[in-house]
Amino acid sequence: MTTSRIGVVGAGTMGQGIAQVLVTTSHDVILYDIADEQLERARAGIGKGLDKLVQKERLSESQRDEALGRLSTASQIDALDDREVIIEAAPEKAELKESIFRDLSARSRDTILASNTSSLSLTRLAAVSEHPERVVGMHFFNPVPVLKLVEVIRAEQTSDATVAKVEALATSMGKTAVPIADSPGFAVNRLLIPMINEAAFLVQEGTATPEAIDEAMKLGAAHPLGPLALADLIGLDICLDIMEVLQDGFGDPKYRPCPLLKRMAAAGHLGRKSGHGFYHYE
């Protein structure tokens with residue numbers, strides 16, 4: 001893998017995790033966000049993540065320091081102009097991502113633009129880009145430093161060379177790249193999020209409590225984490241966004257978002273990040 005100069009757009013949970021894995025696997029990273037305070041939180045979070053790896057004896061102190069030395073942050077997008085690959089990890093809003101891809105593609109004809117979108121159409125993102133053959137999906141999973149999968153999504157316009165390069169990048173990060181066609185929700189979320197949605201219906205109907213549902217799925221289906229605890233980890237707003245993408249993309253009533261999920265998201269009860277979802281968190 002010869003790619004070493006990587007940009008990451010968005011310093012939220014996913015962007016922070018992607019940047020951490022990149023710097024620990026010898027890549028030079030610029031993490032971009034419009035908010036300086038978010039960049040400060042991300043840098044602190046990455047530092048804590050690397051400290052944990054030192055405590056677990058998976059990194060030496062010198063390796064941690066070297067990894068942090070490979071991380072830069074920027075609040076001006078022109079800092080990304082020399083990047084070989086840019087991984088976009090902005091919020092899951094189509095209009096926002098399209099705006100980012102228009103801007104980035106106009107700045108460089110050689111840069112590969114990869115989106116961490118969990119459900120949106122890569123073909124649509126490529127269509128607004130000046131070099132659509134260089135647009136591809138790299139869907140990581142939370143927590144990025146732990147989970148090994150990267151779904152590599154090929155838009156209708158994506159070139160073979162672009163796919164090969166991002167698959168090699170994923171491998172260099174210690175991830176397993178799985179090719180997936182550009183379809184709403186891709187593979188994992190098309191299976192996972194409707195299960196979470198159905199679990200929310202069970203709670204809404206009074207069939208079972210969140211605790212009972214999660215315990216049943218852990219003991220009866222060998223899931224390491226119950227679907228509603230997982231929903232809180234993902235974020236209920238993100239789960240709702242993905243269900244709406246599935247409903248819009250397929251037009252099938254089986255993808256109707258659970259009203260309880262919609263109410264919780266509207267109330268700001270988003271899971272771990274808000275302190276309140278199907279469970280309460282300190």
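Counting begins at 1 with the first residue of the sequence.
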Is the shortest heavy-atom distance from the side chain of Val178 to the side chain of Phe186 under 4.5 Å? no
So, does Asp33 use its side chain to make a donor-acceptor pair with the main chain of Gln38 at under 3.5 Å? no
CG on Leu113 to CD on Glu130, rounded to 0.5 Å: 10.5 Å
Is there a path of hydrophobic side-chain contacts, each under 4.5 Å between heavy atoms of I/L/V/M/F/W/Y residues, joining Ile86 to Val136? no
Residue set satisfying ring pair (Phe, Tyr, Trp, His ring centres under 6.0 Å) with Phe250, at least two apart, ordered chain then number -> Tyr255
More than 12 heavy atoms of other residues, nucleotides or ligands under 6.0 Å from NZ of Lys262: yes or no? no
Go through Val203 and Met264 one step at a time and tell me if the side chain to side chain contact (heavy atoms under 4.5 Å, CB included) criterion holds. CA-CA 12 Å; Val203 175; Met264 292 177 73; over 6 Å; no
If I take atom CZ from residue Phe201 and atom CD1 from residue Ile213, how far apart are they, to the nearest 0.5 angstrom? 12.5 Å
Are side-chain heavy atoms of Thr158 and Leu122 found at a separation under 4.5 Å? no
For the CD atom on Glu156, are there more than 12 heavy atoms of other groups (residues, nucleotides or ligands in this structure) within a distance under 6.0 Å? no
With sequence neighbours left out, the residues meeting side-chain hydrogen bond (donor to acceptor under 3.5 Å, both in side chains) with Asp232 are Tyr281
Assess whether atom CD of Glu57 is packed by more than 12 heavy atoms of other residues, nucleotides or ligands within 6.0 Å. no
Would you confirm whether Arg5, through its side chain, and Asp82, through its main-chain N or O, come within 3.5 Å as a donor-acceptor pair? yes
Any residue meeting ring pair (Phe, Tyr, Trp, His ring centres under 6.0 Å) with His269, in chain and number order, not counting sequence neighbours: His276
Taking Gln157 for its side chain and Pro132 for its backbone only, find out whether a donor-acceptor pair lies under 3.5 Å. no
Before you tell me yes or no, could you show the steps for Ser118 and Met14 under side chain to side chain contact (heavy atoms under 4.5 Å, CB included), namely the whole-Å CA-CA distance, both residues' side-chain angles and the distance that decides it to 0.1 Å? CA-CA 11 Å; Ser118 56; Met14 295 303 292; over 6 Å; no
Spacing of Asn189 atom CG and Met243 atom CE [to the nearest 0.5 Å]: 11.0 Å
Rounded distance (nearest 0.5 Å) linking atom CZ of Arg134 with atom CG of Asp110: 5.5 Å
Same apolar cluster (I L V M F W Y, side chains within < 4.5 Å links), Leu169/Val8: yes
Any donor and acceptor pair, going by atom type alone, linking the side chain of Arg43 with main-chain N or O of Leu71 inside 3.5 Å? yes
Output for pair (Ile30 CD1, Leu80 CG), nearest 0.5 Å, gives 6.0 Å
Would the distance check show the side chain of Ser99 and the main-chain N or O of Glu95 forming a donor-acceptor pair, the cut-off being under 3.5 Å? no
How close do Val23 and Arg70 get, counting heavy atoms only, and between which atoms? O-NH2, 2.8 Å
Is any side-chain N of the basic residue among Asp28 and Arg83 closer than 4.0 Å to the acidic one's carboxylate O? yes
Given 3.5 Å as the limit, does a donor-acceptor pair link the side chain of Glu151 with the main chain of Ala187, or not? yes
Return yes if some donor-acceptor pair links the side-chain N/O of Asn116 with the main-chain N/O of Phe140 below 3.5 Å, else return no. yes
When you look at Asp81 and Thr111, which way does the side chain to side chain contact (heavy atoms under 4.5 Å, CB included) test go after all the steps? CA-CA 8 Å; Asp81 286 355; Thr111 303; over 6 Å; no
Looking at residues at least two apart in the chain, or sitting in another chain, which of them share a side-chain hydrogen bond (donor to acceptor under 3.5 Å, both in side chains) with Ser75? Asp36
Considering only heavy atoms from C-beta outward, does the side chain of Thr73 approach that of Glu40 to under 4.5 Å? no
Is it the case that over 12 heavy atoms from other parts of the model lie below 6.0 angstrom from the CD1 atom of Ile34? no
Within a radius of less than 6.0 Å around CZ of Arg107, do more than 12 heavy atoms belonging to other residues, nucleotides or ligands occur? yes
Run the side chain to side chain contact (heavy atoms under 4.5 Å, CB included) test on Lys273 and Thr13 for me, step by step, so that the C-alpha distance in whole Å, both residues' side-chain angles and the decisive distance to 0.1 Å come before the verdict. CA-CA 10 Å; Lys273 60 187 173 185; Thr13 299; over 6 Å; no
Answer yes if Met138 and Leu147 sit in the same cluster of Ile, Leu, Val, Met, Phe, Trp and Tyr residues linked by side chain heavy atoms under 4.5 Å apart, and no otherwise. no
Counting only heavy atoms not in Glu205 (residues, nucleotides, ligands), do more than 12 fall under 6.0 Å from its CD? yes
Is the side chain of Ser274 donor-acceptor paired with the backbone N or O of Leu270 at a distance under 3.5 Å, no angle test? yes
Between the side chains of Asp214 and Lys218, is the shortest nitrogen-to-carboxylate-oxygen separation below 4.0 Å, so that they form an ion pair? no
Min side-chain heavy-atom separation His139-Ile153 under 4.5 Å: yes
side-chain hydrogen bond (donor to acceptor under 3.5 Å, both in side chains) partners for Thr117, two or more places apart: Glu92
Taking every non-hydrogen atom, the tightest pair across Lys165 and Glu84: NZ-OE1, 4.3 Å
Would you name the heavy atoms of Lys97 and Ala90 that are closest together and state the gap between them? NZ-O, 3.0 Å
How about Leu120 and Val245: do any of their side-chain heavy atoms sit closer than 4.5 Å? yes
Write down the atom of Pro257, the atom of Gln247, and the distance for their closest heavy-atom approach. CD-OE1, 3.6 Å
Report yes if some heavy atom in the side chain of Ile6 is under 4.5 Å from a heavy atom in the side chain of Met173; otherwise report no. no
Heavy-atom donor-acceptor pair, Ser129 side chain to Ser105 backbone, under 3.5 Å: no
Under a 3.5 Å threshold, yes or no: a donor from one side chain and an acceptor from the other, between Thr123 and Asp182? yes
Do you know which two heavy atoms are closest between Ala177 and Ala170, and how far apart they sit? CB-CB, 4.1 Å
Going by side-chain hydrogen bond (donor to acceptor under 3.5 Å, both in side chains), name the residues that satisfy it together with Ser115, two or more places apart in sequence or in a different chain. Glu88
State, to 0.1 Å, how close Ala200 and Phe278 come at their nearest heavy-atom pair, and which atoms those are. CB-CZ, 4.0 Å
Between Leu261 and Leu236, is there a side-chain heavy-atom distance shorter than 4.5 Å? yes
Mind checking whether Ile87 and Val135 sit in one hydrophobic cluster, side chains of I, L, V, M, F, W, Y counted as touching below 4.5 Å? no
Could you check whether any side-chain heavy atom of Leu50 comes within less than 4.5 Å of a side-chain heavy atom of Ile46, counting everything from C-beta outward? yes
Got a second to check how far Leu22's CG is from Leu31's CG, nearest 0.5 Å? 10.0 Å
Please check if Phe101 and Ile77 belong to a single hydrophobic cluster, counting links between Ile, Leu, Val, Met, Phe, Trp and Tyr side chain heavy atoms closer than 4.5 Å. yes
